[in-house]
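See below for the structure under consideration.
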Amino acid sequence: MKFSVETYLILGTSMLVFFILSFIVFVVYYQRKQFRLEIKQNEEKQVIELEFQRKLLENSMEVQEIERRRLAKDLHDEVGALLSVLKMGNNQLVKKEVEDESIKKLVNNNKELIDESIGLVRSISKDLVPQTLENFGLIHAIEEFFHKIEKNSSIEFKFLYKNISEKSRFAPKVELSVFRIIQELSNNALKHSEASKIDLILNFENNTLFLIFADNGVGFSIENVLRNPNGGLGIRNIESRLSIINGVIKILNPEKGTRFEIEISDCHEKN
């Protein structure tokens, strides 16, 4: 069978069109594949960068805690020791018979000041390194912290815990972060809230630790606080700590008292 010239032209044109379309499909497929690959690489890069940032934050927090321990040791070993020696010397003066009443009064005043200073050094050392937290756990540490603040302020503290016993223990990193966050929130409330009552609820369900911290104070504007580089430092510190332990924070009704809701996932109670 013989084909006419027109038939060859039609067949040639059809094959050319087929090859061109095949090439276009290949190019489109290749570009899409490359695009998906770039997206995946970018996502992996973001995950690596986020993990790197998280590690930096974690290392920064660890350095802070190491520095706290060093300061606590210096206070206890050096300042505490000097005050103890000073107290011993002053006690020797107290035992001596002194006729001058003004000197007696001065010695007794010195004794009171030295005792006060020793107590203050011990208190600061304890705040820097929460021994109760390390030895007895989160519940005991929070109760001790709140009791101490109640003694020195007019604020009423109410602490409730659910699905957690006084003997419950979590990873040291989680316990320390939660305790530091509660300290930060409490100190902020004492300084700025003008509150008369603070409520703290701690709940543990499905390997998730829930924390609600609320006061009945004057509240604040979260936008204004975060715009202030110094004023928003406390909130940013809390967010940094939470980012290390898979935690998130919500601030509700910030202008009608303050309520913080914190959720920390992937928590596991230690046996």
Side-chain angles (χ1 to χ4, degrees), residues 58 60-81 83-84 115-191 195 197-204 207-215 234 237-238 240-242 244-247 249 260 262-264 267-271:
E58 189 172 354
S60 175
M61 296 298 175
E62 286 178 3
V63 169
Q64 285 182 25
E65 293 302 326
I66 291 170
E67 185 63 15
R68 284 173 183 264
R69 289 178 182 278
R70 188 189 68 78
L71 287 171
K73 188 176 185 301
D74 288 348
L75 279 171
H76 180 270
D77 294 349
E78 297 181 23
V79 180
L83 286 171
S84 296
D115 287 341
E116 217 174 292
S117 298
I118 290 173
L120 186 60
V121 167
R122 285 175 180 167
S123 177
I124 294 171
S125 297
K126 203 168 184 179
D127 286 343
L128 286 169
V129 181
Q131 293 294 330
T132 302
L133 178 69
E134 294 183 355
N135 297 331
F136 302 105
L138 193 56
I139 303 299
H140 285 284
I142 294 170
E143 288 178 334
E144 181 184 69
F145 175 65
F146 279 178
H147 179 65
K148 177 183 173 183
I149 296 180
E150 271 191 317
K151 283 174 63 178
N152 297 286
S153 71
S154 59
I155 294 183
E156 175 191 352
F157 282 87
K158 186 177 180 181
F159 175 36
L160 298 175
Y161 49 94
K162 302 175 183 178
N163 305 313
I164 307 175
S165 72
E166 292 183 348
K167 296 180 180 179
S168 294
R169 300 305 304 262
F170 300 94
K173 183 167 60 175
V174 172
E175 289 189 342
L176 183 59
S177 295
V178 170
F179 184 72
R180 292 297 187 206
I181 287 168
I182 291 170
Q183 281 185 317
E184 184 77 42
L185 292 173
S186 300
N187 291 332
N188 286 344
L190 287 168
K191 290 177 185 177
K197 185 179 178 182
I198 289 177
D199 293 325
L200 175 65
I201 300 174
L202 208 59
N203 186 21
F204 183 61
N207 292 329
T208 302
L209 195 61
F210 300 92
L211 186 153
I212 296 175
F213 183 99
D215 66 55
N237 285 341
I238 290 171
S240 295
R241 286 190 179 277
L242 287 172
I244 295 170
I245 55 172
N246 297 318
I249 184 171
F260 298 89
I262 292 172
E263 184 176 325
I264 302 164
C267 283
H268 298 279
E269 197 171 354
K270 293 172 67 177
N271 297 323

- [ ] Please tell me if the side chains of Arg180 and Pro130 come closer than 4.5 Å, counting only heavy atoms from C-beta onward.
- [x] yes
Task: Reported OG-to-CG distance for the pair Ser177 and Leu209, which is rounded to 0.5 angstrom - done: 11.0 Å
Open item on the list: With rounding to the nearest 0.5 angstrom, report the CG to CD1 distance, Leu190 to Ile149.
Closed with: 5.0 Å
Task: Glu269 side, atom CD; Phe170 side, atom CZ - distance, nearest 0.5 Å - done: 5.0 Å
Open item on the list: Please give me the minimum heavy-atom distance between Val174 and Cys267, naming the atom from each residue.
Closed with: CG1-SG, 4.0 Å
- [ ] Nearest 0.5 Å please: distance from the CZ atom of Phe136 over to the CZ atom of Arg169.
- [x] 9.5 Å
Task: For Phe159, all residues meeting side-chain contact (heavy atoms from CB on, under 4.5 Å), sequence neighbours excluded - done: Ile139, Ile142, Glu143, Phe146, Tyr161, Leu200, Leu202
- [ ] Please list, chain by chain and in numerical order, all residues satisfying ring-ring contact (aromatic ring centres under 6.0 Å, His included) with Phe213, sequence neighbours excluded.
- [x] none
Open item on the list: Tell me the closest heavy-atom pair linking Leu176 and Leu133, and the distance in Å.
Closed with: CA-CD2, 3.8 Å
TODO: Using the side chain to side chain contact (heavy atoms under 4.5 Å, CB included) rule, pick out the option among Ile249, Ile212, Asn246, Thr208 that qualifies with Glu263.
DONE: Thr208
Task: More than 12 heavy atoms of other groups within 6.0 Å of Phe210 CZ - done: yes
Task: Pair Ile238-Leu185, side chain to side chain contact (heavy atoms under 4.5 Å, CB included): steps then yes or no - done: CA-CA 9 Å; Ile238 290 171; Leu185 292 173; 3.5 Å; yes
- [ ] Give the C-alpha distance, both sets of side-chain angles, the deciding distance and a yes or no for side chain to side chain contact (heavy atoms under 4.5 Å, CB included) between Ser186 and Phe145.
- [x] CA-CA 10 Å; Ser186 300; Phe145 175 65; 3.6 Å; yes
Open item on the list: With rounding to the nearest 0.5 angstrom, report the NZ to NE2 distance, Lys167 to His140.
Closed with: 8.5 Å
Open item on the list: Nearest 0.5 Å, please: how far is CG in Asp199 from CG in Leu160?
Closed with: 7.5 Å
Open item on the list: Please list all pairs meeting salt bridge (charged side-chain N to carboxylate O under 4.0 Å, His left out) that have one or both residues in residues 148-157, counting only residues at least two apart or in different chains.
Closed with: Asp127-Lys148
TODO: Kindly indicate whether the side chain of Ile264, heavy atoms from C-beta on, has any atom under 4.5 Å from the side chain of Leu242.
DONE: yes
Open item on the list: Do Leu211 and Ile182 have side chains that approach each other closer than 4.5 Å (heavy atoms only, starting at C-beta)?
Closed with: yes
